[in-house]
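Note that these values count all heavy atoms, side chains included, but never hydrogens, waters or copies made by symmetry. One is the number of the first residue; the rest follow in order along the sequence.
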Amino acid sequence: MKLYLDPGHGGDDPGAQGNGLDEKDITLAIALKIRNTILKDYENVQVKMSRTSDTTKSLGQRSSEANAWDADFFLAIHINSADSSAQGYEDFIYNGASNSSRAATVQEIIHAEVMKVNQLKDRGQKKANFHVIRETNMPAILTENGFISNKHDAQLMKDSSWQQKVAQGHVNGIAKAFGLKRKAKKETPKTTTATKTTTTPKPTQSSSTTVYTVYVGSYKSKGNAQDRVAELTKKNINSSIVTTKISGATWYRVKIATYTTNANAEKRLKEIEKAGYKDAFIIIEKASATTTNSATQKPTTSTSKTTTTTATAKPATTPSKETNTAGGTNKNTNPIPAPANNTKEPPIIAAPGQFTIFGPTFLTPEQMNQFVKKVNPNAPELGQFYQILGKYYGIRGDVAFAQAIHETDYFRFTGVVNPEQNNYSGIGATGGDTRGASFENQEEGVLAQLQHLYAYATAKPLPDQYPLVDPRFHLVDRGSAPTWTALNGKWAVPGTTYGQSILNLYEKMIHSG
């Protein structure tokens, strides 16, 4: 079944206005909920919408698009307006259609289903000469869901849960009229735990510590890194090359020393900078050493895995006496082992301006939830949505979670957005009385945020497993912000440090333990 869904008005045309509302916003909210619900609950349904955001579209474009798509049913969603005493629900088919027409049969079914849930006065089933129900080739209905000019009706329109009820009523009617088959509910498979026996020697002692590694340059080309090592060797500075992954690409870093204290690392950094290397930096890493009961096991040195960086340094006073793991002459009775190889390493924020929106999610849902609850114990547990949806869209879900923390003040909603809106990223909120978009539930709110980020990060089409719920997706300059700091002045205006604030929060999350 192909449903063409037409939320009335939009863009330059606000439609009817009253009680602080624009018709175009209410029609879009209801239509999006109709689409989401019918796609979620029923099989073999395709939905095309005349608009999914606040855009302008002519009546001729709407009817022509539905005809070209060969839709099975055209549904136009509208809101009425008259004097303040007028109220209630009514729907229309073309006045040239007979009472025995398919349109009339569908109208009768949908009218009955909507009236069961909408809490509005019944104004009856009617006919009219409206363009979209006259010029479409398939059965078409236009529904008028209350009067924006009436205080009672308008108050209902402001409620997202009422919008969902109205949407559900439309869906119920469509399903009944077109004999749609409900999707089977997925059952969670039962799992059994199997006992596994292994002969691998167990560690008798394991320890981990934070270490500070000084690097002199980071390169995409291994040849450039080798040139740097050769140059340092001529200056009697021992170094080695360490590889790491940044946004899926291999980088080659030139490492000169690892220390147990940041102060000593900064001293070494200052010395290197004085030697003329302005591209030196420090990486904070986790190092681990493990011993086993096996007497024949040889110690190994693993590849360095990095977390986050600092570029600041204090003036050096005395040379450090800690171990230079790259082969220097500094002495220490307790050498520092190289950081252990961790297959799930935290991402590197060496250069915030290059830290991409696309990338893996490092933190678990539990880590995200625990971090925010340290500040707000009543915060909703949204970590699972950011992990699942982040993975689907290829977006760093944990950084998006940090963005939500920034936007909502740790989900305390101290700004213009209300908790009931499920709007965790301020979509459409511009201050004052403009509270922005509202979403049906928590998952939809996170989904909208991830879709909005996707729009900024790339010009590629949005994957279609989930319906588009971001009402401002098509207003984004597609692909204009592939990095978090590129959102400055776009997501938040003027917001010159918007992306940096998000990444600062993210670093706190990584190191919160």
Can you name the side chain to side chain contact (heavy atoms under 4.5 Å, CB included) partners of Ala103, sequence neighbours left out? Ile93, Ser101, Pro139
Does some side-chain heavy atom of [Y] sit less than 4.5 Å from a side-chain heavy atom of [X]?
| X | Y | value |
| --- | --- | --- |
| Phe362 | Met509 | no |
| Val375 | Asp409 | no |
| Val417 | Thr408 | no |
| Leu32 | Met49 | yes |
| Leu39 | Pro467 | yes |
| Ile141 | Ile110 | yes |
| Val106 | Phe73 | yes |

Taking only Lys NZ, Arg NE, NH1 and NH2, and the carboxylate oxygens of Asp or Glu, determine whether Lys33 and Glu440 approach each other closer than 4.0 Å. no
Only one of Arg123, Lys121, Lys127 passes salt bridge (charged side-chain N to carboxylate O under 4.0 Å, His left out) with Glu90; say which it is. Arg123
Looking only at atom types and distance, does a side-chain atom of [X] sit under 3.5 Å from a main-chain N or O of [Y], one as donor and one as acceptor?
| X | Y | value |
| --- | --- | --- |
| Asp22 | Pro14 | no |
| Thr37 | Ile34 | no |
| Trp484 | Ile502 | no |
| Asn19 | Leu21 | no |
| Asn423 | Ile427 | yes |
| Lys373 | Ala379 | yes |
| Asp54 | Gly11 | yes |
| Ser160 | Ser438 | no |
| Asp477 | Ser480 | no |
| Gln61 | Ser58 | yes |

Run the side-chain contact (heavy atoms from CB on, under 4.5 Å) check on Ile38 and Val47 step by step: do they pass? CA-CA 9 Å; Ile38 201 166; Val47 179; 3.8 Å; yes
Which residues share a side-chain hydrogen bond (donor to acceptor under 3.5 Å, both in side chains) with Thr458, sequence neighbours left out: none
What residues, two or more places apart in sequence or in another chain, satisfy side-chain hydrogen bond (donor to acceptor under 3.5 Å, both in side chains) together with Tyr466? none
Flag for [Y]-[X]: side-chain donor and acceptor within less than 3.5 Å:
| X | Y | result |
| --- | --- | --- |
| Asp91 | Gln107 | yes |
| Tyr506 | Gln403 | no |
| Thr55 | Arg472 | no |
| Asn150 | Ser84 | no |
| Gln168 | Asn172 | yes |

So for atom [atom1], which belongs to [X], do other residues, nucleotides or ligands contribute more than 12 heavy atoms lying within a distance under 6.0 Å?
| X | atom1 | value |
| --- | --- | --- |
| Lys151 | NZ | no |
| Glu108 | CD | no |
| Lys126 | NZ | yes |
| Lys158 | NZ | yes |

Could you tell me which non-hydrogen atom of Leu450 sits nearest to which non-hydrogen atom of Ala400, and how far apart they are? CD2-CB, 4.3 Å
List the steps and the verdict of side-chain contact (heavy atoms from CB on, under 4.5 Å) for Ile405 and Phe411. CA-CA 6 Å; Ile405 291 174; Phe411 300 101; 4.0 Å; yes
For the atom pair [atom1] ([X]) and [atom2] ([Y]), what is the distance rounded to the nearest 0.5 Å?
| X | Y | atom1 | atom2 | result |
| --- | --- | --- | --- | --- |
| Thr361 | Gln367 | OG1 | CD | 11.5 Å |
| Asn36 | Gln164 | CG | CD | 8.0 Å |
| Gln500 | Leu487 | CD | CG | 10.0 Å |
| Leu59 | Arg134 | CG | CZ | 9.0 Å |
| Gln17 | Ile148 | CD | CD1 | 7.5 Å |
| Leu505 | Asp398 | CG | CG | 12.5 Å |

side-chain contact (heavy atoms from CB on, under 4.5 Å) assessment of Leu447 paired with Tyr393: CA-CA 10 Å; Leu447 181 60; Tyr393 287 113; 3.6 Å; yes
With a 6.0 Å cut-off on ring centres, are Phe178 and Tyr42 close enough? no
What about Phe439 and Tyr424, are their ring centers closer than 6.0 Å? no
Using side-chain contact (heavy atoms from CB on, under 4.5 Å), reason through Gln119 and Leu156 one step at a time and then give a plain yes or no. CA-CA 9 Å; Gln119 303 168 251; Leu156 290 173; 4.0 Å; yes
Would you please classify the geometry between the Tyr456 ring and the Trp491 ring as parallel, tilted or perpendicular, with 30° and 60° separating the classes? tilted
Going by side-chain hydrogen bond (donor to acceptor under 3.5 Å, both in side chains), Asp470 matches just one of His452, Gln449, Gln451. Which one? His452
What residue pairs, at least two apart or across chains, pass ring pair (Phe, Tyr, Trp, His ring centres under 6.0 Å) with a residue in residues 114-169? Phe92-Phe130
Geometric cation-pi criterion Arg396 and Tyr386, 6.0 Å radius, 45° cone: no
Distance-only check: which donor-acceptor pairs under 3.5 Å involve side-chain atoms of residues 2-9, not counting sequence neighbours?
from: Lys2; atom 1: NZ; to: Trp69; atom 2: O; distance (Å): 2.5
from: Tyr4; atom 1: OH; to: Glu65; atom 2: OE1; distance (Å): 2.6
from: Asp6; atom 1: OD1; to: Ser50; atom 2: OG; distance (Å): 2.6
from: Asp6; atom 1: OD1; to: Arg62; atom 2: NH1; distance (Å): 2.7
from: His9; atom 1: ND1; to: Asp13; atom 2: OD1; distance (Å): 3.4
from: His9; atom 1: ND1; to: Asp13; atom 2: OD2; distance (Å): 2.7
from: His9; atom 1: NE2; to: Glu23; atom 2: OE1; distance (Å): 3.1
from: His9; atom 1: NE2; to: Glu23; atom 2: OE2; distance (Å): 3.4

Side chain to side chain donor-acceptor pair (under 3.5 Å) pairs touching residues 136-147, sequence neighbours excluded, are Asn67-Asn137, Thr143-Asn145, Thr143-His170
Evaluate the criterion side chain to side chain donor-acceptor pair (under 3.5 Å) for residue pair His474 and Thr52; output intermediate values, then yes/no. CA-CA 8 Å; His474 296 295; Thr52 57; 3.1 Å; yes
